[in-house]
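From a predicted model like this one, the values you see are computed outputs, not experimental measurements.
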Amino acid sequence: MKAGILVISNDRMVFDYIKPQLVLLRSNDTIYECDYSEALDVVEKTVPQLVILHCGYDLHSFSKLVKQLSVPVIALFDTLDSDYLLTAYENGITDFITKNSTQEETLTRVMLALKNKSLKEN
């Protein structure tokens with residue numbers, strides 16, 4: 001599979017929400033999706049450049065998964081919760097967005113994370 005962006009969530013509606021937000025990405029970016037239970041296997045197979053990880057109501061599973069990922073992670077929150085946000089940063093996220101983020105903000109944060117990853121590799 002071609003490297004790209006992996007969206008991880010246990011909520012199907014998150015995939016339907018985020019894909020239109022990413023429509024203006026680079027033409028060579030592929031968007032994959034999976035749930036938490038298959039996330040590590042999919043990361044190993046797809047080797048994504050970036051993960052967008054939805055943090056629903058299970059902060060423990062979210063935190064555990066963030067620690068296991070070796071690629072940049074953008075946390076996607078349903079609403080902004082300062083305790084969740086602090087915990088997410090403590091566990092290693094690169095950045096965050098919420099479902100209230102504009103398409104421009106989402107794209108900017110994703111593109112910045114991809115750019116930073118690319119700069120670190122060179």
Side-chain angles (χ1 to χ4, degrees):
M1 285 188 217
K2 192 163 82 169
I5 297 170
L6 176 61
V7 180
I8 302 171
S9 178
N10 286 333
D11 180 351
R12 179 72 207 161
M13 291 190 306
V14 168
F15 303 124
D16 297 335
Y17 161 77
I18 198 69
K19 280 190 174 183
Q21 297 290 319
L22 302 175
V23 74
L24 297 176
L25 279 175
R26 305 170 301 188
S27 60
N28 63 336
D29 289 320
T30 303
I31 302 170
Y32 302 99
E33 56 188 56
C34 71
D35 62 26
Y36 274 53
S37 65
E38 59 187 2
L40 295 177
D41 289 336
V42 173
V43 166
E44 188 176 310
K45 289 177 187 170
T46 62
V47 190
Q49 294 175 301
L50 175 71
V51 167
I52 297 176
L53 182 58
H54 177 236
C55 180
Y57 299 102
D58 186 356
L59 186 58
H60 175 72
S61 294
F62 171 86
S63 297
K64 181 178 176 185
L65 188 53
V66 168
K67 290 177 185 177
Q68 294 175 304
L69 296 172
S70 59
V71 298
V73 175
I74 294 179
L76 170 59
F77 298 105
D78 294 329
T79 58
L80 191 55
D81 179 300
S82 58
D83 290 335
Y84 274 35
L85 182 59
L86 290 172
T87 300
Y89 272 114
E90 288 172 358
N91 286 292
I93 67 164
T94 304
D95 208 344
F96 76 96
I97 54 176
T98 69
K99 286 187 176 178
N100 295 327
S101 297
T102 64
Q103 182 180 24
E104 293 80 11
E105 182 179 4
T106 299
L107 284 171
T108 299
R109 290 177 186 255
V110 167
M111 294 303 293
L112 183 58
L114 290 170
K115 180 180 175 183
N116 287 340
K117 182 182 186 309
S118 178
L119 289 172
K120 287 179 183 177
E121 291 174 348
N122 292 328

Backbone N or O of Lys19 within a donor-acceptor pair of the Asp16 side chain at under 3.5 Å?
no

All heavy atoms of Ala75 vs all of Phe62, minimum pair found to be CB-CZ, 3.6 Å

Between the side chain of Thr94 and the main-chain N/O of Val73, is any donor-acceptor distance below 3.5 Å? yes

Minimal heavy-atom distance between Val14 and Val7, with the atoms involved, is CG1-CG1, 4.4 Å

Of Glu104, Arg109, Gln103, the one forming a side chain to side chain contact (heavy atoms under 4.5 Å, CB included) with Leu107 is Gln103

Sequence neighbours excluded, the answer for side-chain contact (heavy atoms from CB on, under 4.5 Å) partners of Ser63 is Leu59, Thr87, Asn91

Of all heavy-atom pairs linking Tyr17 and Ser101, the shortest is OH-O, 3.7 Å

Of all heavy-atom pairs linking Ala39 and Leu65, the shortest is CB-CD2, 3.9 Å

Q) What class does the angle between the rings of Tyr89 and Phe96 fall in, given that below 30° is parallel, 30 to 60° is tilted and above 60° is perpendicular? A) perpendicular

Heavy atoms of Cys55 and Tyr84 approach each other most closely as SG-CD2, 3.6 Å

Between Val71 and Gln49 the two heavy atoms that sit nearest each other are CB-O, 4.4 Å

| message | Taking Leu53 as the starting point, is it possible to reach Leu40 by hopping between hydrophobic residues whose side chains are less than 4.5 Å apart? | response | yes

